[in-house]
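A short worksheet on the structure shown next.
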There are 2 protein chains.
Amino acid sequence: MSRYVERVAAELTEMGMQRMASRVFACILADDAGALTAAEVGERLHVSPAAVSGAVRYLAAVGLITREREPGSRRERYRMESDRWYQIFAQREGMIRRFEQTLDTGVGILGADSAAGRRIAETTEFFSFLREENGRLEQRWWDYVKRRDEARTPGE
Amino acid sequence: MSRYVERVAAELTEMGMQRMASRVFACILADDAGALTAAEVGERLHVSPAAVSGAVRYLAAVGLITREREPGSRRERYRMESDRWYQIFAQREGMIRRFEQTLDTGVGILGADSAAGRRIAETTEFFSFLREENGRLEQRWWDYVKRRDEARTPGE
DNA sequence: ACGAACGTTCACAAATTTGTGAAGTTAAGG
DNA sequence: CCTTAACTTCACAAATTTGTGAACGTTCGT
């Protein structure tokens with residue numbers, strides 16, 4: 001079970017997520033309530049509160065978990081909601097846009113008529129395509145979710 | 001110019017590519033011929049042949065560059081072709097599939113009727129969606145390329 | 001076959017990243 | 001207000017990743 005968490009975490013790490021963030025996330029993902037306090041996470045992973053703090057900051061910034069205060073306590077709960085994956089699209093959008101812009105300056109530097117300039121322009125074109133399709137994809141995801149949810153509550 | 005290469009490389013690195021691989025790739029990308037020998041790369045980046053070798057192995061494995069022998073010499077040329085970006089789709093497909101499978105074992109471990117099990121099932125669903133759409137995307141890219149190329153050679 | 005030009009591999013060193021402990025900050029509860 | 005619980009921050013240590021130099025194949029030209 002703890003092994004499962006580590007396996008999932010390892011793969012998230014391979015996909016580019018920071019190691020600790022992956023572990024914390026996997027931990028919450030596999031928790032029944034889908035929400036844990038920093039202490040609970042630390043206990044399950046055998047890591048210091050400091051490590052959890054850092055990971056949680058990252059995960060919250062990326063929008064994969066939300067922080068919520070437990071009223072009447074200074075504890076905080078970190079919650080994942082399974083519908084938050086769409087954040088990935090937003091992430092990607094920004095990443096691609098930045099890359100496109102950086103790439104594009106090269107056309108100016110190398111000259112639009114040089115072979116290198118043309119190659120870079122083509123590359124930019126690909127990423128531009130990717131970015132537009134990314135938006136389309138997000139839309140398709142929402143449609144998918146909508147259809148799915150309608151199918152699940154046929155009576156309402 | 002060399003600064004441009006480094007900027008592009010830095011961003012590729014942020015996107016998850018190994019640092020040296022990013023630099024080598026950016027270097028070739030910005031080269032007029034779109035192809036360099038190991039020595040040339042080493043010289044431009046001020047790195048040892050060993051470093052180039054490692055980076056090149058990775059890039060070739062991922063399919064972003066091809067190696068070609070210069071006939072009549074023991075030199076090798078590493079070439080990027082600007083139409084190779086589609087390799088990204090294949091990469092992603094494999095990554096997602098692996099993750100899906102790993103995730104899915106969790107449903108068995110936690111029970112399909114548990115809250116955690118359901119959450120994981122939903123997560124798997126998202127990635128499954130992503131994988132299918134990834135395939136569709138690749139198709140769309142080819143269509144896009146085809147239309148573009150037809151538009152460019154109207155007479156033929 | 002031999003020598004030289006290239007690329008590769010491997011053990012090790014440098015650099016970077018990551019996690020820890022301790023001190024600091026904030027807010028609840030008396 | 002003062003205490004204490006919970007999280008955060010920061011300097012530093014541990015661990016990991018990354019790049020180097022040297023020794024090792026390979027292949028071409030003679």
Side-chain angles (χ1 to χ4, degrees), chain A residues 2 5-6 9-28 31 33 35-62 64-80, chain B residues 2 5-6 9-28 31 33 35-62 64-80:
Chain A
S2 145
V5 167
E6 294 300 338
E11 254 165 279
L12 284 170
T13 301
E14 260 186 73
M15 294 206 256
M17 190 184 284
Q18 303 171 4
R19 189 175 1 170
M20 201 50 162
S22 305
R23 296 180 69 200
V24 170
F25 187 76
C27 205
I28 298 176
D31 174 70
L36 294 169
T37 66
E40 288 169 331
V41 172
E43 191 188 343
R44 296 190 188 194
L45 298 178
H46 303 290
V47 294
S48 72
V52 176
S53 177
V56 151
R57 175 153 33 100
Y58 171 81
L59 289 170
V62 177
L64 285 176
I65 65 172
T66 54
R67 301 152 172 261
E68 45 186 57
R69 264 296 156 71
E70 263 184 1
S73 160
R74 47 247 147 242
R75 256 186 237 170
E76 221 163 23
R77 245 161 214 294
Y78 306 116
R79 167 175 307 279
M80 89 151 282
Chain B
S2 143
V5 168
E6 294 300 338
E11 252 165 281
L12 284 170
T13 302
E14 260 187 72
M15 295 207 255
M17 191 184 283
Q18 302 170 5
R19 188 173 4 167
M20 199 49 150
S22 304
R23 296 180 69 199
V24 171
F25 186 76
C27 205
I28 298 176
D31 175 70
L36 295 169
T37 66
E40 289 169 330
V41 172
E43 191 188 341
R44 297 192 187 193
L45 298 178
H46 304 290
V47 294
S48 72
V52 177
S53 178
V56 152
R57 175 152 33 100
Y58 171 80
L59 289 169
V62 177
L64 286 176
I65 65 173
T66 55
R67 302 152 171 261
E68 45 186 54
R69 263 298 159 69
E70 262 184 3
S73 161
R74 46 245 146 242
R75 255 185 238 172
E76 221 162 26
R77 248 164 213 292
Y78 307 116
R79 166 175 308 280
M80 91 151 281

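Here is how names work: the chains are called A, B, and so on, in the same order as the sequence lines, proteins then strands, and each is numbered from 1.
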*Length of the CZ-P vector between B:R69 and C:dG7, whole Å*: 8 Å
*For residues A:T13 and A:Q18, report the shortest heavy-atom separation together with the two atoms involved.*
OG1-O, 4.4 Å
*Contact class for B:R77 (heavy atom, under 4.0 Å): base, sugar-phosphate, or nothing?*
nothing
*Return the 5'-most residue of the pair A:V56, A:R19 with respect to DNA chain D, ranking by each residue's nearest nucleotide.*
A:V56
*Nearest-angstrom distance from the residue atom CZ of B:R23 to P of C:dT16*: 11 Å
*When all nucleic acid strands are considered with a 4.0 Å heavy-atom cut-off, which category describes B:V52: base, sugar-phosphate, or nothing?*
nothing
*Can you tell which of D:dA6, C:dT20, D:dA22 lies closest to the side chain of A:A51?*
C:dT20
*Starting from the 5' end of DNA chain D, give me the residue, B:A21 or B:P71, whose nearest nucleotide shows up first.*
B:A21
*If you look at every strand shown and take non-hydrogen atoms under 4.0 Å, does B:A50 touch a base, only sugar-phosphate, or nothing?*
base
*Taking the side chain of A:R67 as heavy atoms from C-beta outward, which of D:dT8, C:dG7, D:dT9 is closest to it?*
D:dT8
_Whole angstrom value for the distance that separates P of C:dG19 from OH of A:Y58_ = 13 Å
*Can you tell me the distance, in whole Å, between the CD atom of B:E70 and the P atom of D:dT27?*
16 Å
_Shortest side-chain distance from B:Y78, nucleotide among C:dT8, D:dC10, D:dA5_ = C:dT8
_Integer-rounded Å distance: D:dA6 P and A:E40 CD_ = 11 Å
*Should we say atom CD of A:E70 is surrounded by more than 12 heavy atoms from elsewhere, each under 6.0 Å from it?*
yes
*What pair of heavy atoms forms the shortest contact from A:R69 to A:R74, and how long is it?*
NE-O, 4.1 Å
*asked:* So if I take every side-chain heavy atom of A:S53 and compare against D:dT8, C:dG7, D:dC7, which nucleotide ends up nearest?
replied: D:dT8
*Quick one: do B:R77 and B:E68 make a salt bridge, cutoff under 4.0 Å?*
no
*Side-chain N or O of A:R57 less than 4.0 angstrom from OP1 or OP2 on D:dT9?*
yes
_By the 4.0 Å heavy-atom rule, please label B:G72 as base, sugar-phosphate, or nothing._
sugar-phosphate
*What's the closest nucleotide to the A:E76 side chain, out of D:dT8, C:dG19, D:dG21?*
D:dT8
*asked:* Measure CD/A:Q18 against P/C:dT17 and give the value in whole Å, please.
replied: 11 Å
*Nucleotide of D:dC7, D:dA5, C:dG21 approaching A:R74 most closely (side-chain heavy atoms)*: D:dA5
*Looking only at non-hydrogen atoms, find the nearest pair between B:A51 and B:V47 and report the distance.*
CB-CB, 4.3 Å
*Calculate the interatomic distance between B:M17 atom CE and D:dT17 atom C1'; express it in whole Å.*
17 Å
*Nucleotide of D:dC7, C:dG7, C:dG19 approaching B:R75 most closely (side-chain heavy atoms)*: C:dG7
*Option from B:L64, B:L59, B:V24, B:I28 for which side chain to side chain contact (heavy atoms under 4.5 Å, CB included) with B:M80 holds*: B:I28
_B:L36 CG - C:dG7 P separation (whole Å)_ = 11 Å
